[in-house]
Participant: 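If you scroll down you'll find the structure; I have some questions about it.
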Amino acid sequence: MSEPTTDYTDTLTIPEPKENLKHPLESYIRSERFPHIWCSSCGIGTIVTAYISGLQKSGLDPEKVAVVSGIGCSGRAAGYLRLDSFHSTHGRALPFATGLALGNPELKVSVISGDGDIAAIGGNHFIHSARRNIDLNIICINNFNYAMTGGQAGPTTPLEANASTTPYGCYEYPFNLPFLAESSGAVYVARWTALHIRRLTNAISEALQKPGFSFIEIISPCPTLYARRNRLGTGLDTMKFYHDSATIQHGADTREVDIEYQKKIIVGKFVDKDKPTFTEARDTFLNKKLGDQYVPYRRPNNGH
Amino acid sequence: MSYWRVPLDIQNVKIPKGDIHIITERCKGCNFCVEYCPRDVLEMSTDFNRKGYHYPQVLKQGACVNCNLCEMICPEFSIYCLEGEEKPPEPDQVLRKGENHES
Ligand SMILES: Cc1ncc(C[n+]2csc(CCOP(=O)(O)OP(=O)(O)O)c2C)c(N)n1
Ligand code: SF4
Ligand SMILES: [Mg+2]
């Protein structure tokens with residue numbers, strides 16, 4: 001690669017936009033809202049691409065898929081997807097998604113949101129949706145901080161990491177999200193980074209096809225806040241760090257996959273088991289108790 | 001030396017070929033595609049787009065093997081490759097050990 005020149009005098013010709021190029025995923029994105037808000041070399045855009053590819057791969061009908069986000073940089077994902085999508089309030093993506101999934105059992109509902117949104121303000125919803133094994137697919141974009149509001153420390157900020165509210169380094173113990181998800185009842189738990197795009201795409205496709213509460217944690221670069229405050233360089237530097245420090249351990253014991261500051265990151269598919277979903281458990285149980293008196297919920301007018 | 005032998009059925013082997021398309025105006029210059037292209041097909045331009053970022057351009061014309069990695073890793077939906085016409089490999093294009101990337 002040639003180094004970008006520092007003498008810009010002869011390069012200031014700004015090219016006219018090229019002929020109409022149409023990205024193959026154009027029909028899945030709301031490109032009329034572009035440029036999107038994500039910073040240069042932020043990983044969230046890559047994850048949205050992986051989500052769309054995973055959805056295509058899963059073979060699900062996009063008309064029967066809904067995406068819900070909470071608030072945050074990650075939470076903007078829903079707004080750029082040309083699917084039925086909803087940008088809910090901070091922390092409330094899961095309750096909204098639960099309502100959608102129970103109200104229209106034909107829908108597959110994904111939540112794409114941040115670590116702060118899902119594990120801090122939305123933490124209670126998270127553990128209880130997992131406990132009830134609601135048929136939801138959770139994509140948690142973990143950038144180790146509350147990025148949108150200025151890089152405050154959150155529930156996943158590793159010990160020692162600098163954040164705007166922990167200028168001497170973080171002294172709070174972080175959550176180990178895969179362990180939290182598994183112990184709360186999730187039937188599918190995986191962790192990947194924004195660099196593992198092919199494996200991430202496969203995981204998203206698998207999780208979308210999995211009935212019940214599936215959870216994928218995706219470690220993602222935040223060059224503007226987390227990496228800058230910790231002098232970790234650009235998003236590309238963070239990606240290189242993932243390349244060097246991520247080790248794949250499928251089936252790893254989730255108790256042992258904590259993330260320490262700038263140490264190794266264990267990735268892989270940790271949990272994949274079968275368990276009746278909330279709706280299945282409810283219908284079987286009440287059928288047993290009430291027999292013919294029990295009329296299972298069906299969406300009125302068959303969904304139209 | 002480090003070269004593998006040329007496969008006997010090299011005439012029957014087709015290397016996929018990709019045509020790269022770059023929506024330069026969407027690019028925010030993250031460099032992911034340039035860095036991770038397993039064939040080093042791309043380089044950063046010295047020109048700027050309207051947003052003031054350098055964007056990728058094709059350095060090695062015809063070297064793309066349509067693996068789609070640039071398309072998948074791009075956070076801006078600004079690069080993609082479409083299948084071009086397949087062609088038989090040149091003997092020196094046979095993969096050498098350690099050359100294929102993992103991601
Ligand atoms: C009820 C409420 N409290 C606080 C906020 C302020 N707020 C907006 S985004 C955010 C944090 C988002 O963090 P995360 O979910 O990790 O997303 P990121 O921006 O890191 O992708 C906070 C605290 C809010 N919008 N609403
Ligand atoms: S602040 Fe961080 S997480 Fe938010 S868009 Fe920028 S790089 Fe991405
Ligand atoms: Mg965050």
Side-chain angles (χ1 to χ4, degrees), chain A residues 1-8 10-26 28-29 31 34-36 38-50 52-53 80 192-201 220-221 223 234-237 239-240 242-243 246 248, chain B residues 18-60 63-84 98 100-103:
Chain A
M1 186 195 114
S2 62
E3 282 295 308
T5 162
T6 42
D7 173 20
Y8 296 125
D10 60 343
T11 60
L12 277 176
T13 46
I14 295 174
E16 281 303 312
K18 289 225 195 86
E19 76 278 18
N20 266 345
L21 291 174
K22 199 163 178 285
H23 194 282
L25 302 181
E26 202 71 31
Y28 287 85
I29 52 176
S31 55
F34 279 19
H36 59 52
W38 301 310
C39 306
S40 167
S41 81
C42 172
I44 302 175
T46 305
I47 295 168
V48 172
T49 309
I52 299 172
S53 315
Y80 294 118
W192 294 105
T193 75
L195 179 67
H196 294 84
I197 30 178
R198 285 186 210 275
R199 290 185 168 89
L200 175 60
T201 303
S220 175
T234 60
L236 181 60
D237 293 315
M239 290 292 219
K240 288 180 179 168
Y242 298 158
H243 181 268
I248 300 178
Chain B
D19 286 330
I20 297 176
H21 303 269
I22 301 165
I23 309 173
T24 50
E25 291 313 303
R26 282 191 186 166
C27 179
K28 293 187 194 145
C30 71
N31 248 302
F32 291 174
C33 55
V34 172
E35 176 72 24
Y36 290 108
C37 169
R39 292 265 152 181
D40 296 326
V41 173
L42 303 163
E43 65 172 349
M44 266 341 232
S45 67
T46 48
D47 278 351
F48 300 100
N49 64 13
R50 276 161 197 274
K51 293 201 287 257
Y53 292 104
H54 297 292
Y55 51 85
Q57 61 194 21
V58 176
L59 169 69
K60 292 192 210 157
C64 170
V65 292
N66 200 27
C67 73
N68 277 303
L69 197 114
C70 54
E71 184 180 321
M72 290 193 291
I73 206 163
C74 175
E76 307 290 335
F77 297 88
S78 86
I79 186 167
Y80 58 95
C81 56
L82 300 175
E83 206 173 323
N100 52 340
H101 281 228
E102 173 73 351
S103 75

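Residue numbers begin at 1 in each chain, while the letters A, B, ... track the order of the sequences.
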Participant: Can you tell me how far CZ of A:Phe34 sits from OG of B:Ser78, rounded to the nearest 0.5 angstrom?
Facilitator: 9.5 Å
Participant: State the OG1-CG distance between A:Thr49 and B:Asn68, to the nearest 0.5 angstrom.
Facilitator: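 Taking OG1 in A:Thr49 and CG in B:Asn68, the distance rounds to 11.5 Å.
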Participant: What I want to check is whether the side chains of A:His23 and B:Glu71 have a donor and an acceptor closer together than 3.5 Å.
Facilitator: no
Participant: Please look at B:Cys67 and chain A and tell me whether the side chain, the backbone, both or neither of the residue comes under 4.5 angstrom of a heavy atom of that chain.
Facilitator: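 Interface part for B:Cys67: both.
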Participant: Report, one line per pair, each donor and acceptor closer than 3.5 Å where one atom sits in a side chain of residues 40-48 of chain A; sequence neighbours left out.
Facilitator:
residue	atom	partner	partner atom	Å
A:Ser40	OG	B:Lys28	O	2.6
A:Ser41	OG	A:Gly235	N	2.9
A:Thr46	OG1	B:Ile73	O	2.8

Participant: Are side-chain heavy atoms of B:Tyr36 and A:Leu236 found at a separation under 4.5 Å?
Facilitator: yes
Participant: Do B:Tyr80 and A:Leu21 have side-chain heavy atoms sitting under 4.5 Å apart?
Facilitator: yes
Participant: Side chain, backbone, both or neither: which part of A:Ile29 has a heavy atom under 4.5 Å from chain B?
Facilitator: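 Contact with chain B is through the side chain of A:Ile29 alone.
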Participant: Counting heavy atoms not belonging to A:Glu26, are there more than 12 under 6.0 Å from its CD?
Facilitator: yes
Participant: Are any of the side-chain heavy atoms of A:Met239 and B:Glu35 separated by less than 4.5 Å?
Facilitator: no
Participant: Closest heavy-atom contact between B:Arg26 and A:Ser31?
Facilitator: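 The pair with the smallest heavy-atom distance is NH2-CB, 3.3 Å.
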Participant: Evaluate the side chain to side chain contact (heavy atoms under 4.5 Å, CB included) criterion for residues A:Lys22 and B:Ile23: first the C-alpha distance (whole Å), next the side-chain angles of each, then the deciding distance (0.1 Å), finally the verdict.
Facilitator: CA-CA 8 Å; A:Lys22 199 163 178 285; B:Ile23 309 173; over 6 Å; no
Participant: Working to the nearest 0.5 angstrom, can you tell me the gap between B:Phe77 CZ and A:Tyr28 OH?
Facilitator: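 Going from CZ on B:Phe77 over to OH on A:Tyr28, the span is 12.0 Å.
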